[in-house]
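This report refers to the structure that appears directly beneath it.
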Amino acid sequence: MFAGQLAVIIVGTAKVGGIQDVWAIAVNNSMISGINFNPDPFVRHSIWSLGIGGIFLMLSLYGVNQAQVQRYLSSRTEKEAVMSCYAVFPCQQLVLGLGCLTGLVMFAYYQKNEIQNPEMIKVPDQMVLYFVMDILQDFPGLPGLFVACLFSGALSTISSAFNSLATVTMEDLIKPHFPNLTESRATLISKGLALKYGLLCLGMAYISSLMGPVLQAALSIFGIVGGPLLGIFCLGFFFPFTNSIGAITGLLAGLIMAFWIGIGSFVDRMSVPTAAPILNVTSAPEGGNLTVVTTLLTSAAAAQSISGLKKFYSLSYMWYSAHNSTTVVIVGIIVSLLTGPTKGRDVNPHTVYLVLPKLLFFLPEEYKERLRFGVPHIAEVGERHACRLLKDKSDSPNPNVEDKASNGFLNGHAKGAEKDMEENDSGFSRPNGGHSYVVQETSL
């Protein structure tokens, strides 16, 4: 991927005359934009939409996305999973920086050179491919290297996404209803699911091509779908008093809001074709060379200030994830309080992060304790767990032999176990008869 991008940048820069010429042409034609401090959420790109909205977008991509989480879970230790995050962010910024540099080189090149076949370029996204074939046609193998660059980036992401979709469908929707599936049959079904999801993505690719530039369409879809998912995780992590009714209601509200804004923006853009980005090919007066610029042509009506739902639909796509996740959290909290919040003693403190006491650290200890909503301290849970283990060992036929914890149940069966559970004095459930049921819990 890096080799493909660098090959295009190096060859293109050399043909323009050097990186100084590329930068000078870009500056002279206002292709370098400064930092925009406008707090208006309807401004497409500003320091606030990229800085704050981008944080929510990255959290939905790298925090709760199944394609990323399955990579974290394949790490040998938690430290390795954390280090993978620290490693990917600088690499991602480097790839994005090279992409922006490719655009500047392409713009500078076509300020000096004529586009031979402008009728071949229907949309701005085709410019890069045309540029690659234009400047690399005299270098055997380099066009193929760039094609390999594209497919390497695409296939590495798509393959993990198909695998995630097939695995989740198999584990959560099929196996619970067909527990006696053989391994070979389960593998065959999983491959069939991956194939069907692939065909579905082909159709989605056509739809996304109608949503404007490819990058904006991809980030918009991530914000629409990933925002509510991030919201429901935040609801469980940071607000221990929420219940399942509030979580489901909040998720539905977030999805409705997400698709309302996303589809409404798409339909509104389609209804005003003159407001969509188009390719503007003009000729320079002195040399006759063609200049290609992506411009936004607006009619007199489109130039007027918009209001109402049209204004709502013009929300910057960088705010989609933040807006939708916040909707989930607010609705989930309200519904949970109205339907009866979860008791703090029923919550395992290892699976939540009590953010309110930390944000309001300046409050007296009495008020910070109330913001725990009854969730016991980890030290208290550890003492109760130790006492329970000692009691279990004293009741065991062979107290010198410890049971090994695993992912599942010990000394019992999952079927019918719910009927045998009762509340003990620590607030956590345990089975009747002294048997130990150990279930591995994770924050996910």
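Fair warning: this is a prediction, and the values are worked out from it, not measured in the lab. We use all heavy atoms of the structure for the numbers below, so side chains are in, but hydrogens, waters and symmetry mates are not.
The distance from atom CD1 of I52 to atom OG of S321, rounded to the nearest 0.5 Å, is 13.0 Å. L229 contributes atom CG, which lies 9.5 Å from atom SG of C234 (distance to the nearest 0.5 angstrom). Rounding to the nearest 0.5 Å gives a distance of 12.0 Å between OH of Y313 and CZ of F42. Taken from CG in L129 to CE in M127, the straight-line distance is 10.0 Å, to the nearest 0.5 Å. Rounding to the nearest 0.5 Å gives a distance of 10.5 Å between CD of E114 and CG of D134. To the nearest 0.5 Å, atoms CE (M257) and OG1 (T327) are separated by 5.0 Å.
A heavy-atom distance below 4.5 Å is found between the side chains of F2 and V95. V128 has its side chain out of reach of V8: every pair of non-hydrogen atoms, C-beta onward, lies at least 4.5 Å apart. In this structure the side chain of Q70 never reaches within 4.5 angstrom of the side chain of L73, judged on heavy atoms. Within the 4.5 Å cutoff, no side-chain heavy atoms of L145 are placed close to those of L136. Between W23 and I32 there is a side-chain heavy-atom pair separated by less than 4.5 Å. Two residues are said to be in side-chain contact when any heavy atoms from C-beta on lie closer than 4.5 Å; F233 and L59 fail this criterion. Looking at L235 and I333, their side chains come closer than 4.5 Å, going by heavy atoms from C-beta outward. For the pair H45 and L50, the minimum side-chain heavy-atom distance is below 4.5 Å.
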Residues T169, Y197; criterion side-chain contact (heavy atoms from CB on, under 4.5 Å); working and verdict:
CA-CA 11 Å; T169 305; Y197 281 124; 2.7 Å; yes
Would L181 and I189 count as a side-chain contact (heavy atoms from CB on, under 4.5 Å) here? Give the steps.
CA-CA 10 Å; L181 275 178; I189 295 176; 4.2 Å; yes
Using the rule given for side-chain contact (heavy atoms from CB on, under 4.5 Å), can you reason through V105 versus F131, listing the C-alpha separation, both sets of side-chain angles and the distance that settles it, and then say yes or no?
CA-CA 10 Å; V105 172; F131 175 63; 3.9 Å; yes
Can L193 and I174 be said to form a side-chain contact (heavy atoms from CB on, under 4.5 Å), step by step?
CA-CA 11 Å; L193 288 171; I174 296 179; 3.9 Å; yes
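Taking every heavy atom of both residues into account, G227 and S60 meet most closely at N-CB, 4.4 Å. Minimum heavy-atom separation, T13 to I19: CG2-N, 3.3 Å. When every heavy atom of T351 is checked against every heavy atom of F237, the shortest pair comes out as O-CD2, 4.1 Å. Heavy atoms only, all atoms of each residue included: I261 and Y320 are closest at CG2-CE2, 3.6 Å. The shortest non-hydrogen separation linking S49 to W319 is CB-NE1, 3.4 Å. In terms of heavy atoms, P357 sits closest to K368 at O-CD, 3.7 Å.
Not less than 6.0 angstrom separates the ring centroid of H323 from the ring centroid of Y317.
Although no hydrogens or angles enter the test, the distance criterion places a donor-acceptor pair under 3.5 Å between the side chain of N36 and the main chain of N38. Side-chain atoms of Y72 do not come within 3.5 Å of backbone N or O of G63 as any donor-acceptor pair. Put simply, the side chain of T342 gets close to the backbone of T242: a donor and an acceptor are under 3.5 Å apart. Distance alone, capped at 3.5 Å, places no donor-acceptor pair between the S190 side chain and the T187 backbone.
Applying the 6.0 Å contact sphere to CZ of F89 captures more than 12 heavy atoms from other residues, nucleotides or ligands. No more than 12 heavy atoms of other residues, nucleotides or ligands shown are found within 6.0 angstrom of OH on Y353. By the 6.0 Å contact criterion, NZ on K191 is open, its count of non-hydrogen atoms from other residues, nucleotides or ligands being 12 or less. No more than 12 heavy atoms of other residues, nucleotides or ligands lie within 6.0 Å of CD1 in I35, so this atom counts as exposed by the packing criterion. Other residues, nucleotides and ligands place more than 12 heavy atoms under 6.0 Å from the CD atom of Q93. Within a 6.0 Å sphere centred on CZ of F362, other residues, nucleotides and ligands contribute more than 12 heavy atoms.
Between Y110 and Y130, the ring planes lie tilted relative to each other; the angle falls in the 30° to 60° range. Ring planes of F37 and W48: perpendicular class, angle over 60° (limits at 30 and 60°).
For the residue pair S336 and N243, a side-chain donor N or O sits within less than 3.5 Å of a side-chain acceptor on the partner.
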